[in-house]
Every structure is written in structure tokens, then in C-alpha cells.
Amino acid sequence: MLQTEYLTFQYKKGNQIFKFPNITLEKRENLLILGKSGIGKTTLLHLCAGLLTPLSGKITINKTDINSLSNNELNTFRGKNIGLVFQKNHLVQSLNVFENLQTRLFFSKKNTTNKEIEDLLKQLDIYDLKNKKVNKLSEGQLQRLGIALSIIHNPKVILADEPTSSLDDQNCNTVIKILKEQAKLTSANLIVITHDHRLKSHFQNSITL
Ligand SMILES: Nc1ncnc2c1ncn2[C@@H]1O[C@H](COP(=O)(O)OP(=O)(O)OP(=O)(O)O)[C@@H](O)[C@H]1O
């Protein structure tokens, strides 16, 4: 469960104060956040991930007030509970698909078996690519691998930043379907931020900043 209350934020080198609407997501609820470029979508997502600290207000994830945690506690909490999906992912180019996932798990300190990694690759339909170097993958395949990397540790909250804006309609539908399926499978909350209006029809819950 994720809740934000009366969040405001200001960048150190910015004079704008962002005020965000309150969000309450019960277990398994999803949310689409729309808004024009520069309105603060990524800022809100990074606040929810604990990557930025609010000026005021509160973010609660699974009953934990994330801003009451020390930096170390927050890193551990994030590693266990939050999955961030980006448009472009940080991959180790010299490693193959499987090794990239193993490396990610090493950093999140999760005991995930090779079989669990393989199962996820099968669900995402990239199992055949498991031994392929990541610099040999297409955009759509890279996006699926990015999703795998973000959810391999079964996070309780999946936060996706413009996951579809560079994709054609077919890949866009596939990526959203995968994200929703994975969130459902792990009873996670899914928040997608975008200015891609194609996504509206995929979500019951949406807000515009
Ligand atoms: N580190 C920073 N320091 C100062 N200002 C910043 C910083 N990062 C972002 N901003 C500004 O904050 C505003 C909101 O940025 P943000 O990236 O959250 O918007 P967005 O809605 O996600 O935009 P887009 O859809 O273009 O990605 C923008 O005006 C941006 O220039």
C-alpha cells in the first residue's frame, strides 16, 4: 500500500515549489499519472522512490514513513520494496541478459534462485535471449529486460517513468500488459508516469498533474 499526503518539493537550485495531489493506493491498485512536460511527474516518482526528500508532507509505503528512515535504512528499504522502471536502463554491456539479472540481485541482497530468474525471463518472453550480450538486443527486448531488472526482487511498489514513449503501438501494449501482469502476480502497486495518452485506456485510475 502506498500513500502520499500533502507533498511539496523544491529543488535546491530551483525557485519553483511543487505541490502534489494526495495519492492513496490500496494493495494491488494501479495508477497512471499524466501531465505535460516539466510539470513534475518524474519529481513525484522520485519522491515516492525516496530518491528525493520532500519539503513537507509524508510518503508511506507498507506502513513505513520512508522519510523517517536513515539513508542506510532507506537504501535497504528501496532495494527490497521498490522497483524503478526507466525508459532507458543501466545495463552492464559486457554481460549477457542472465548475468545482468544476477548482478542486480547481488546488489539487492535477495536470495533469488536461477530458476526464478529463468521463470521471469519466460514470462517476459525473453528466455531465448538469456545468453545474449545486452548490446545485441533490440529496443523492445531491452525494454523487457529493463522490466525484468526492475521487478526481479518482487518489489511491493513498481514505479515506471515513461516506459512506453519510445515504443510503437504493439510494443507499448505489450509493455503495459507485462507491467500490469507482474504487479498483479506479486500484489504490488504499479504507478506509471507518462505524457503518452495511449496508456489512458489501460488504467482505471488516473490523475493529471
Ligand atoms: N535537479 C534539478 N534541479 C533543478 N530543477 C530541476 C531538476 N530536475 C528537474 N528540474 C525541473 O523541475 C521541473 C519538473 O521536472 P520533472 O522532470 O519532474 O518534469 P516531468 O513532468 O517529468 O517532465 P518530462 O515529461 O519532460 O520528463 C522541470 O522544470 C525541470 O527543469
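Quantities reported herein were computed from a predicted structural model and do not represent experimental measurements. Remember, it's 1-based here, ligands and their atoms both numbered in the order they're listed. What you see below is based on every heavy atom in this structure, not just the backbone, and it leaves out hydrogens, waters and symmetry mates.
- Under 3.5 Å, the side chains of Thr42 and Asp161 contain a donor-acceptor pair of N or O atoms.
- For atom 2 (C) of ligand 1, the closest non-hydrogen atom on the protein side is Tyr11 CD2, 3.3 Å.
- Of the protein's non-hydrogen atoms, the one nearest atom 26 (O) of ligand 1 is Ser37 OG, 2.6 Å.
- Remark: the backbone N or O of Thr164 is not paired with any side-chain donor or acceptor of Gln143 at under 3.5 angstrom.
- Ligand 1 places these atoms under 4.0 Å from at least one heavy atom of Thr43: 14 (C), 15 (O), 16 (P), 18 (O).
- Every atom of ligand 1 is numbered from 1 in the order shown, and the set under 4.0 Å from a heavy atom of Lys41 is 18 (O), 19 (O), 20 (P), 21 (O), 22 (O), 23 (O), 24 (P), 25 (O).
- Judged by a 6.0 Å distance limit and a 45° cone about the ring axis, Lys180 is positioned over the six-membered ring of Phe203.
- Listed by number with element, the atoms of ligand 1 under 4.0 angstrom from any heavy atom of Lys36 are 21 (O).
- The line from CD1 of Ile158 to CG of Leu190 is 5.5 Å long, rounded to the nearest 0.5 Å.
- For ligand 1 and His195, the ligand atoms under 4.0 Å from any heavy atom of the residue are 25 (O).
- In Gln170, the CD atom is not crowded: 12 or fewer heavy atoms of neighbouring residues, nucleotides or ligands sit closer than 6.0 Å.
- Under the 4.0 Å distance rule, the nearest protein heavy atom to atom 30 (C) of ligand 1 falls outside the cut-off.
- Heavy-atom separations between Gly14 and ligand 1 are all 4.0 Å or longer.
- Each of Thr112, Asn114, Thr113 was compared with Glu116 under the side chain to side chain donor-acceptor pair (under 3.5 Å) criterion, and only Thr113 meets it.
- Regarding atom 17 (O) of ligand 1, its nearest protein heavy-atom neighbour is Thr42 CB, 3.6 Å.
- The main-chain N or O of Gly50 is never found under 3.5 Å from a side-chain atom of Asn67 such that the two would form a donor-acceptor pair.
- For the ligand labelled ligand 1, residue Gly38 lies inside the 4.0 Å heavy-atom shell.
- From the protein, the heavy atom lying nearest to atom 19 (O) of ligand 1 is Gly40 N, 3.3 Å.
- Within the model, atoms CD1 of Ile61 and CD1 of Ile66 stand 4.5 Å from one another, a figure rounded to the nearest 0.5 Å.
- Rounding to the nearest 0.5 Å gives a distance of 11.5 Å between NZ of Lys200 and OG1 of Thr194.
- At a 3.5 angstrom cut-off on N or O pairs, Ile193 does not count as close to ligand 1.
- Heavy atoms of Lys12 found under 4.0 angstrom from ligand 1: none, in either backbone or side chain.
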